[in-house]
Amino acid sequence: MKFQAPRGTEDILPSQSAIWQTLEHHFQTLVEKFGYAEIRTPAFEDSDLFRRTAGEASDIVTKEMYDFKDKGDRNVTLKPEGTAPAMRAVIQYALCPPGNHLRLWYLTPFFRYGRPARGRWRQAHQLGCELLGSSSAQADAEVLEIAMTFMAQIGLGDEPVMINSIGRDECRAKYREVVLQHMAAYLADQEAEARALAEKNPLGLLDSKDPKAKDALVGLAPITDFLEDDSKARFESLQELLTEAEVPYKVAPYVVRGLDYYTETVFEFESKHLEGLSLFGGGRYDNLVKEIGGPATPCVGFGIGVERVILALEAMKKLPVAKGPDVFVVAATADAGGYCRKLVRDLRAQGFRVEWDVDNRSFKSQLRQADKSTAPFAVLVGTEEIETETLKVRHLNKGEQREIPQHELSEVLRTWESANK
RNA sequence: GCGGAUGUAGCUCAGUGGUUAGAGCGCCUGACUGUGGCUCAGGAGGUCGCGGGUUCAAUUCUCGUUAUCCGCCCCA
């Protein structure tokens, strides 16, 4: 085997495409009920866009950017997430002037240059929503309701979403000092590299998996103790709204998110079927649009990792199955080829999903193919049927067979109960 | 980016320092010439990841490389 898919990428094979189509269909149907419109942005952007939005200190920028120079010597980056490009387009085309609202959704590939492992790819896909122009708790509740309704619809609604508030810039600045002070003893014991990382992003310590760090965190006051009054009020209001909407949630002080642009509300969702990897995450990013040159615009949104959702569904054995054809047409004798071609065309024109053997293989082989195709019916045509203007319709699941006049075929196919195997 | 494991048929995996490298599943053909699923028989299909080294001889030992998987960092 000479070529294979590039490292960290995945082909979506015919046997898997039904899953993707099902997820996409559920998502689109759902978000359209909430008035969201789709946006599609390029696969790559000016590297500076992500440097500004993700934050210089974040891991995404410091080591996971899939960036390169193009032939025109431009620095470009394959998008590491869906939000920043969408916001760039919003600004470029003035889609959300001050005072307006805008609701966007997308399904996009995204790219991160890390070492692939379980639930972690270099190219993956994100289903996302962004609600622009509102700073209300109701906006936060709306996007969370969408995300959690989707999870419930596809069968992953058993667990609550973890929510937190990280407040405004001033609050986080204050809290960073608190964390650093609380963790000083722990950090003194760490490698220089870990210490530098922690000093750049102290909040990252909060969801550390290091048992020592976890011990050291005991007794640390949650960030919600340091929220400004309006942030606190909004966070409380959000919880009431989620309860009212029957969205299961849990307040989790350690959820802080890795991208610099988040403010106030943040959230993350994990499944017990895929521990340690979030299936979706998001929150409020009130500063992002202004940061990249647009008018100050409060926003909230989320991104769902499609591959991870599928992994979780696989673990639960809840995958949808691809639908086979409705009918398999079998030429019982070699002279029936022409008749079969016409019959196949007619049936397709009537809306049936029809397969047949283009290789004129043996009758037995054609029936075997019919069986494998999962079609509930086989239609058999040979010299005899052509002469008498009849057809044999075989119900492959039941093993029954009927001989019918040719003009009754579509009627029989529609009315004969086609229970699945 | 760091650590560990693995790489033999389409798939899941056995196996051996030396003739023609195997199994199960899958695939194809056939079992009184027009009836699938079950059974039986036969068949196709492999440069044993790639490159170097040791050796009379390497798929087997060794080194490198590459890829995959798992864990970590981080996140979707």
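Chain A is the first sequence line, chain B the second, and so forth, proteins listed ahead of strands; every chain is numbered from 1.
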Going by atom types only, do Glu268(A) and Tyr254(A) share a side-chain donor-acceptor pair under 3.5 Å?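 No.
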For this session: For the pair Arg172(A) and Asp169(A), evaluate salt bridge (charged side-chain N to carboxylate O under 4.0 Å, His left out) and give the outcome as yes or no after the intermediate values.
Result: CA-CA 5 Å; Arg172(A) 277 196 305 289; Asp169(A) 295 348; 2.6 Å; yes
Note to self: Considering every strand and a 4.0 Å limit on heavy-atom distances, what is the contact class for Phe280(A): base, sugar-phosphate, or nothing?
What the structure shows: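 Sugar-phosphate only.
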May I ask you to say what Glu268(A) touches in the nucleic acid, namely base, sugar-phosphate or nothing, with a heavy-atom cut-off under 4.0 Å?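 If one applies the 4.0 Å heavy-atom cut-off, Glu268(A) turns out to touch nothing in the nucleic acid.
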Is a donor-acceptor pair below 3.5 Å formed from side chain [X] to base [N], judging by atom type as modelled?
X         : N       : answer
Arg120(A) : rA76(B) : no
Gln366(A) : rU35(B) : no
Asp371(A) : rG37(B) : no
Arg368(A) : rG37(B) : no

Side chain of [X] only, heavy atoms from C-beta on: which candidate in [options] is closest?
X         : options                   : value
Lys372(A) : rC27(B), rG71(B), rC74(B) : rC27(B)
Leu367(A) : rU35(B), rG30(B), rA76(B) : rU35(B)
Glu385(A) : rC74(B), rG34(B), rC28(B) : rG34(B)
Phe110(A) : rC74(B), rU35(B), rA76(B) : rA76(B)
Ser278(A) : rG34(B), rG1(B), rC75(B)  : rC75(B)

Check your understanding: Between His395(A) and Phe377(A), does the ring centre distance come in under 6.0 Å?
Key ->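 For His395(A) and Phe377(A), the ring centres are under 6.0 Å apart.
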Residue met sooner reading RNA chain B from 5', once Ala124(A) and Glu400(A) are mapped to nucleotides
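Between the two, 5'-proximity favours Glu400(A).
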Residue closer to the 5' end of RNA chain B, Arg115(A) versus Glu270(A) (nearest nucleotide) =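 The 5'-side residue here is Arg115(A).
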Tell me whether the side-chain N/O atoms of [X] come closer than 4.0 Å to OP1 or OP2 in [N].
X         : N       : value
Lys398(A) : rG36(B) : no
Ser365(A) : rU29(B) : yes
Lys364(A) : rU35(B) : no
Arg7(A)   : rU68(B) : yes

- prompt: How are the rings of Phe27(A) and Trp105(A) set relative to one another: parallel (under 30°), tilted (30 to 60°) or perpendicular (over 60°)?
  reply: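 Geometry flag for Trp105(A) against Phe27(A): perpendicular rings.
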task = Can you tell me the pairing partner of rG22(B) across any strand shown, Watson-Crick or G-U wobble, with both distances under 3.5 angstrom?
result =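 WC or wobble partner is rC13(B).
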Checking base pairs now: Watson-Crick or wobble, both atom distances under 3.5 Å. What partners rC27(B)?
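Looking at the geometry, rC27(B) pairs with rG43(B).
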Inset, instruction - Find out whether the Lys NZ or Arg CZ of Arg40(A) is both under 6.0 angstrom from the six-membered ring centre of Tyr106(A) and within 45° of the ring's axis. - result: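 So Arg40(A) doesn't make the cation-pi contact.
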Rounded distance (Å) that lies between atom C1' of rC28(B) and atom CG of Asn360(A)
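Going from Asn360(A) (CG) to rC28(B) (C1'), I get 17 Å.
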